[in-house]
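For reference, the structure is listed below as structure tokens.
Keep in mind that what you see is a predicted model, and the values were worked out from it rather than measured.
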Amino acid sequence: AMAASTAGAALVARSLPPLRPTPQRPAAAPWRTPGARPVFALALALGLCIGIFESALPARMEQLGMAAAGAGPLLAFMALGSGIGGLITSAHAEHLENPRRPAALLMTLFAVLLAPLPFLASLPLLALALAVAGVPIAPLNALGALRLQRRVPPGRQAEGFAVYIAAILVGAG
């Protein structure tokens with residue numbers, strides 16, 4: 001499925017018009033753009049929370065008397081919650097204009113929702129809690145991406161989003 005979707009994306013991308021380089025001086029690097037560093041810090045923090053949690057879940061599964069491999073399917077509940085959070089966010093896009101306060105609230109909510117997970121001993125309760133804990137992930141990602149898109153000049157946005165994704169992955173690592 002991943003190979004097919006990648007091939008499909010490549011076909012769609014071929015129909016996009018080519019970008020013409022601008023003759024003007026290139027803009028500053030994305031990490032030097034005013035307002036971009038907090039977005040990269042948010043991505044790092046989000047990745048850190050997700051990485052710590054995902055690496056601890058297999059051990060938690062074993063504590064509950066289950067196979068560590070059961071953590072993978074269980075994480076699908078977190079992804080489901082994230083998808084629901086993304087749908088909720090898209091319906092309330094007016095709150096995305098000034099993302100600083102919503103991002104701080106969502107990051108705090110994410111931390112609070114992750115806190116009880118080590119203490120849940122029931123698999124159904126853990127699955128439900130994972131779904132609820134996942135709700136802030138997509139909105140946080142959307143807030144970061146929108147802020148970055150508004151801050152980084154168009155000629156450097158691909159580079160800016162590469163740094164954004166790298167910050168999430170470094171945090172998760």
Side-chain angles (χ1 to χ4, degrees), residues 1-9 12 36-151 160-173:
M2 289 175 67
S5 62
T6 301
V12 170
R37 284 184 184 165
V39 176
F40 298 139
L42 172 70
L44 184 69
L46 182 60
L48 185 66
C49 286
I50 292 170
I52 288 172
F53 175 75
E54 286 182 353
S55 64
L57 190 58
R60 181 70 180 129
M61 295 299 288
E62 288 182 348
Q63 286 176 339
L64 294 174
M66 295 171 243
L74 198 57
L75 284 172
F77 287 96
M78 188 173 255
L80 174 68
S82 178
I84 291 168
L87 292 172
I88 293 168
T89 300
S90 66
H92 299 286
E94 69 275 4
H95 297 297
L96 302 179
E97 290 303 315
N98 186 6
R100 182 170 274 164
R101 186 173 186 166
L105 290 172
L106 284 168
M107 198 63 193
T108 302
L109 177 64
F110 187 44
V112 167
L113 292 173
L114 286 174
L117 294 175
F119 307 105
L120 301 175
S122 157
L123 191 59
L125 193 57
L126 185 57
L128 177 64
L130 282 169
V132 172
V135 170
I137 295 173
L140 278 165
N141 205 5
L143 286 169
L146 288 170
R147 177 80 170 193
L148 197 62
Q149 185 177 13
R150 290 180 181 149
R151 295 290 182 184
F161 279 97
V163 173
Y164 181 74
I165 296 299
I168 291 173
L169 294 175
V170 166

Identify the two heavy atoms, one from [X] and one from [Y], that lie closest to each other, and give their separation to 0.1 Å.
X: Leu117; Y: Leu113; result: CG-O, 3.9 Å
X: Met78; Y: Ala133; result: CE-CB, 4.1 Å
X: Ala103; Y: Leu42; result: CB-CD2, 4.4 Å
X: Gly86; Y: Pro139; result: N-CD, 4.0 Å
X: Val112; Y: Pro116; result: O-CD, 3.2 Å
X: Met107; Y: Cys49; result: CE-SG, 3.7 Å

Would you say [X] and [Y] make side-chain contact, with heavy atoms under 4.5 Å?
X: Val163; Y: Leu148; result: no
X: Val39; Y: Arg151; result: no
X: Leu126; Y: Phe77; result: no
X: Leu143; Y: Pro102; result: yes
X: Phe110; Y: Leu46; result: yes

*asked:* Applying side-chain contact (heavy atoms from CB on, under 4.5 Å), can you list everything that pairs with Leu125, at least two apart in sequence or on another chain?
replied: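 By the side-chain contact (heavy atoms from CB on, under 4.5 Å) rule, Leu125 matches Leu120, Ser122.
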Just verifying a value: how many Å separate [X] [atom1] and [Y] [atom2], rounded to the nearest 0.5 Å?
X: Leu123; Y: Leu128; atom1: CG; atom2: CG; result: 11.5 Å
X: Leu130; Y: Leu57; atom1: CG; atom2: CG; result: 6.0 Å
X: Leu146; Y: Thr89; atom1: CG; atom2: OG1; result: 10.0 Å

_Reference residue Leu48; test side chain to side chain contact (heavy atoms under 4.5 Å, CB included); the match among Ile50, Leu44, Ile52_ =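 Answer after filtering Ile50, Leu44, Ile52: Ile52.
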_Heavy-atom donor-acceptor pair, Ser82 side chain to Ile137 backbone, under 3.5 Å_ =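 Such a contact is absent between Ser82 side chain and Ile137 backbone.
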*Could you tell me whether Phe161 atom CZ has more than 12 heavy atoms of other residues or ligands within 6.0 Å of it?*
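Atom CZ in Phe161 is crowded, with more than 12 foreign heavy atoms closer than 6.0 Å.
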*Got a sec, which pairs hit side chain to side chain donor-acceptor pair (under 3.5 Å) with one end in residues 59-71, sequence neighbours left out?*
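As it turns out, the side chain to side chain donor-acceptor pair (under 3.5 Å) pairs with a partner in residues 59-71, which skip direct neighbours, are Arg60-Gln63.
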Can you give the donor-acceptor pairs under 3.5 Å from side chains of residues 164-173 to other protein atoms, not counting sequence neighbours?
from, atom 1, to, atom 2, distance (Å)
Tyr164, OH, Asn141, O, 3.2
Tyr164, OH, Asn141, OD1, 2.7

